[in-house]
Every structure is written in C-alpha cells, then in structure tokens.
Amino acid sequence: MLALEDEGFDATFSLIGASIFPDWRRGLAEQVRVTRTGGKACVATWRKLPGGGPFLVMAEALRAVYPNMAPPAPPEGFTTLADPDRLGAELKGAGLSALEIEEIEVVWEGPAGPALS
C-alpha cells in the first residue's frame, strides 16, 4: 500500500510502472485509491514487446550478446494491459468509471550510442 492518503491527488500517472509490477492489479487499485473522485488517472503502456525507447536498445543488445537465448516471458501485466479492451476492463475493475483509451503511435528518436550505430 502506498503511504499516501485516499483521494489525495487530482491526477495520477502510471507510465509503464503498473504493467511491470508483480501485483499489477494492486498497483492499479492503489492509483485509483489516491486519485480524488472526479480526478484523472492516466495509465500508459506499450502495445507490443519489447516496448519502446531504451527497451528497444536493451533488447537488441541482449540479442547480440545472447543470440541463441529466448527472451524472458513478459510480465503478466504487460501482456494484459497492452490490449486496449483488457486495459479498459482492468481499469473499471480497479474502480474507474469514465474511461477514455487512446492509442498513440510514436517512433523513439533517442540516441542509440556508438555500439548500435
């Protein structure tokens, strides 16, 4: 349980966090608990593995070092929350009522570093 008061925030954000928690449903429930009634709760996650940004670089580096090793299974929350319909159902289950789910596609343009140039 977060050491935060109930309904203490007008807006809360989980940027990838809840999807990789071992108990991701509890994470969502805690986010809802600390969001005031009528407030906004934002949950961002990736649609497919390996995710985005630095995770793409990390996945490529691991494949280069361990080409014959299968990647680890993704966390349950990642696969569940990656699907917009399932994300909506889980957010309702956590206690949110008015939902808007929006898919945004972006291309990460961060530096790759000399090893991947």
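As the structure is a computational prediction, the values presented were derived from the model and not from experiment.
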Residue pair Ser19 / Pro75: nearest heavy atoms and the distance that separates them = O-CB, 3.9 Å

Arg33 (side chain) donor-acceptor with Leu4 (main chain) under 3.5 angstrom = yes

request  = Assess the side chains of Glu7 and Thr35: does a donor N or O sit below 3.5 Å from an acceptor N or O?
outcome  = no

query = Quick one: does Asp10's side chain get under 4.5 Å of Lys40's, heavy atoms only?
reply = no

task = Determine, using the 4.5 Å side-chain heavy-atom cutoff (strictly less than), whether Ile20 and Leu28 are members of one ILVMFWY cluster.
result = no

Asp23 side chain reached by Arg25 side chain, heavy atoms, under 4.5 Å = yes

inquiry  = Just so I know, are the side chains of Pro84 and Glu103 near enough to count as touching, which here means a heavy-atom distance under 4.5 Å?
reply    = yes

inquiry  = Under 4.5 Å between side-chain heavy atoms, counting indirect links through other Ile/Leu/Val/Met/Phe/Trp/Tyr residues: same cluster for Phe78 and Leu15 or not?
reply    = no

query = Any chain of hydrophobic side-chain contacts (each under 4.5 Å) joining Leu96 to Val43?
reply = yes

Contact check, side chains of Phe9 and Arg36, non-hydrogen atoms, under 4.5 Å = no

task = Could you please spell out the steps behind the side-chain contact (heavy atoms from CB on, under 4.5 Å) verdict for Thr80 and Trp24?
result = CA-CA 10 Å; Thr80 300; Trp24 55 272; 3.6 Å; yes

request  = Would you check if the side chain of Gln31 reaches a backbone N or O of Cys42 as a donor-acceptor pair within less than 3.5 Å?
outcome  = yes

message = Restricting to non-hydrogen atoms, name the atom on Gly27 and the atom on Phe21 that form the minimum distance, rounded to 0.1 Å.
response = CA-CD1, 4.0 Å

query = Is there a side-chain contact between Arg47 and Asp83, using heavy atoms and a 4.5 Å cut-off?
reply = yes

query = Can you hop from Leu99 to Leu87 via hydrophobic side chains spaced under 4.5 Å?
reply = yes

request  = Using a 4.5 Å cut-off on heavy atoms from C-beta on, say whether the side chain of Pro22 contacts that of Glu76.
outcome  = no

inquiry  = When you compare the side chain of Leu81 with that of Arg86, does any pair of heavy atoms fall below 4.5 Å?
reply    = no

